[in-house]
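Chain identifiers are assigned alphabetically (A, B, ...) following the order of the sequence lines, protein sequences preceding nucleic acid strands; residue numbering begins at 1 within each chain.
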Amino acid sequence: MGLKVSREKDFSYLIEDGHSIARVIGTENIINQAMGTEAITQLLNMAELPGKIGIPIGLPDIHQGYGFPIGSVIAFDSDNGIVSPGGVGYDINCGVALMNTGMDKKTCRLHIKDILKEIFNQVPVGMARSRNKLSRRDIEAITSEGIQWLYFRDMATEDDINKTDYNGSIFGAEPANISEKAYSRGMNFFGTLGSGNHFIELQFADQIINSEISEEFGIHKDMVYVMIHTGSRGLGHQVATDYIQKIRDLDHNKRLKDAQLSYMELSSRDAERYISAMNGAANYGFANRQMIISLIRNALKKVMGNEFVEDESELVYNISHNIAAFEENDIEGRRQKVLVHRKGATRALPPESTSGYYAGIGHPVIVPGSMGTASYVLRGVGGNSKISFSTSCHGAGRVLGRKMAKEKLSPELIEKELEALKIEMKFASTSALTEEAPESYKNIDEIYNSIVGGKIAEGIARLKPIGVIKG
DNA sequence: ATGTCC
């Protein structure tokens, strides 16, 4: 099973096992780090799926996931291809929102303890459930309307809608395709953060990389932003569980090398149902992040009083990194309509392919680092459709599994490390300290250099943390 | 990631 690695060009490597081929984007060090891990085996397994167009791509933050690695993208023929829940992941429409606070770094540091405390009061984190539980009917409406539902209730502005991926509302989410169990989990956890790598951070712009585009994104040197990383909570998890269970015993899935790659043919009724349910979960995910944005605006208003100007708490962008979508891409010399599966991978449309608010500019691509380290905002560059179906990475990417992190790292030491960096913290549990420690992740600067060097996206601004809230 | 196992 010897693997052959060849350098395609700078920051781009082809990996072959004599049967399948895949591309990985990254520095030589990133490639060496990934080689020999289960993630690469998973990436090559993906290449064996039917109806694939082009080859699977591993982004520099690639690491082992359920069936498909996290930090990967694959496209299938939109007519004769397939859809696989494992290619989207359990946390459907996990993603990141970035919002301006209108506050500068100095003011923020002065009030950071109170701000974190109040956000912690308003936003349930970790295992906590929603404070004001919505009805079954409301949750169903949210899965079909996305953030529109919040707009009609004064919890989202028109500007928020304009600055959300897919405008925060994907058409064609048929409520009947989502199970009662999923709705019931959705009722308990709407507007909650969750745990694991999910977080709320207050960050300041410490480096403006491209001043013209930073201005367009509303990112200014030393101003403070809130970054929110969460997804569709129990609802999305249940949708994934339901459909993975449903297709497990299909003949073509029993023949697979790895059962976790289970799929549905796009021509099947099950595929239609899954895509509809996935879109419903995605709408819930967009609305969940928006709900948290609304709660954070309330918290800032309460703590900062007259100093907080609501009009200045504008969204930069709210983007998904776990979703499958029908798109046109340049593959093997021609434009083809494909179903792109992005798992821990962020869409990075170049300026000319971006529509809506950021048309001609390119939408913000948000790449959070690990706890305590920098985060980057980028935009897609022309020609990236051919390289990675216009897809960037979604974060630093794990180097230590959760269990390993707990064994190797000490929470006290990590806490001291963050204190030394002048980062205020609020944790619902201590397990996040080791599991999410910078030591559990790859170096975000190297990930950033890989994406820029690989000509997928260009840097716009770098943000650094002042305060962090984790489940 | 996940009412951290139906």
Side-chain angles (χ1 to χ4, degrees), chain A residues 38-39 42 61-72 84-96 123-134 136 139 178-200 228-246 248 260 277-278 281-282 284-286 288-289 292 320-324 341-346 368 370-371 393-398 400-407 411 427-436 440-441 469-471:
Chain A
E38 185 61 22
Q42 291 185 327
D61 55 343
I62 187 168
H63 59 282
Q64 185 182 353
Y66 173 93
F68 296 60
I70 296 157
S72 71
S84 172
V88 173
Y90 274 93
D91 193 359
I92 297 167
N93 190 9
C94 186
V96 190
V123 184
V125 308
M127 296 305 291
R129 301 182 172 214
S130 321
R131 306 251 195 281
N132 304 303
K133 198 169 154 176
L134 294 176
R136 158 76 175 71
I139 297 300
I178 294 175
S179 69
E180 283 312 314
K181 200 170 173 184
Y183 284 124
S184 135
R185 291 178 72 175
M187 282 167 70
N188 288 325
F189 295 97
F190 186 69
T192 67
L193 186 71
S195 47
N197 62 3
H198 291 168
F199 65 77
I200 296 170
I228 300 140
H229 180 199
T230 186
S232 55
R233 311 290 289 109
L235 186 140
H237 192 273
Q238 192 62 46
V239 166
T241 306
D242 288 341
Y243 283 87
I244 287 168
Q245 158 88 14
K246 195 171 181 181
R248 204 179 46 185
Q260 299 181 346
M278 174 198 67
Y284 180 98
F286 284 127
N288 189 47
R289 282 193 291 280
I292 292 173
S320 170
H321 54 228
N322 274 12
I323 201 162
H341 290 57
R342 293 190 178 89
K343 183 177 190 178
T346 309
S370 55
M371 190 169 67
C393 60
H394 86 309
R398 286 195 161 277
L400 292 181
R402 291 177 202 282
K403 239 181 111 180
M404 186 80 92
K406 200 163 276 179
E407 284 165 17
F427 291 89
S429 85
T430 52
S431 59
L433 267 168
T434 49
E435 288 179 16
E436 301 304 316
S440 298
Y441 283 84
I469 290 176
K470 284 195 77 74

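Atom CG of A:D242 and atom P of B:dT2 are 16 Å apart (whole Å). Atom-to-atom, CG of A:L235 to P of B:dT2 comes out at 12 Å; the value is rounded to the nearest Å. Atom C1' of nucleotide B:dT2 and atom CD of A:E435 are separated by 13 Å, given to the nearest angstrom. The CD1-P distance, from A:I244 to B:dT2, rounds to 15 Å in whole Å. Whole-Å rounding puts the A:N288 CG to B:dT2 P distance at 10 Å. Atoms CG (A:N93) and P (B:dT2) sit 13 Å apart, rounded to a whole Å. A straight line from OH of A:Y90 to C1' of B:dT2 spans 9 Å, rounded to a whole angstrom. Rounded to whole angstrom, the span from the OH atom of A:Y243 across to the C1' atom of B:dT2 amounts to 19 Å.
Taking the side chain to side chain contact (heavy atoms under 4.5 Å, CB included) definition, one finds that A:I70 meets it with A:H63, A:K343, A:H394, sequence neighbours left out. Not counting sequence neighbours, the partners of A:Y66 by the ring-ring contact (aromatic ring centres under 6.0 Å, His included) test are A:Y90. Remark: A:R129 pairs with A:N188, A:F189 by the side chain to side chain contact (heavy atoms under 4.5 Å, CB included) rule, at least two apart or across chains. Remark: A:S72 engages no residue in a side-chain hydrogen bond (donor to acceptor under 3.5 Å, both in side chains) (not counting sequence neighbours).
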Contacts table for residues 428-435 of chain A: side-chain donor-acceptor under 3.5 angstrom, sequence neighbours left out:
{"unit_1": "A:S429", "atom_1": "OG", "unit_2": "A:S431", "atom_2": "OG", "d": "3.0"}
{"unit_1": "A:T434", "atom_1": "OG1", "unit_2": "A:S431", "atom_2": "O", "d": "3.2"}
{"unit_1": "A:E435", "atom_1": "OE2", "unit_2": "A:K406", "atom_2": "NZ", "d": "3.3"}

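Residues A:E407 and A:R402 are not paired through a salt bridge, judged by the lack of any N-O separation under 4.0 Å between the basic side chain and the carboxylate.
Within the 4.0 Å cut-off from OP1 or OP2 of B:dT4, not a single side-chain nitrogen or oxygen of A:S195 is found.
Within residues 124-131 of chain A, the residues approached by DNA chain B to less than 4.0 Å at the level of any non-hydrogen atom are A:M127, A:R129, in residue-number order.
Counting any heavy atom pair closer than 4.0 Å across all strands shown, A:Y66 reaches no nucleic acid atom.
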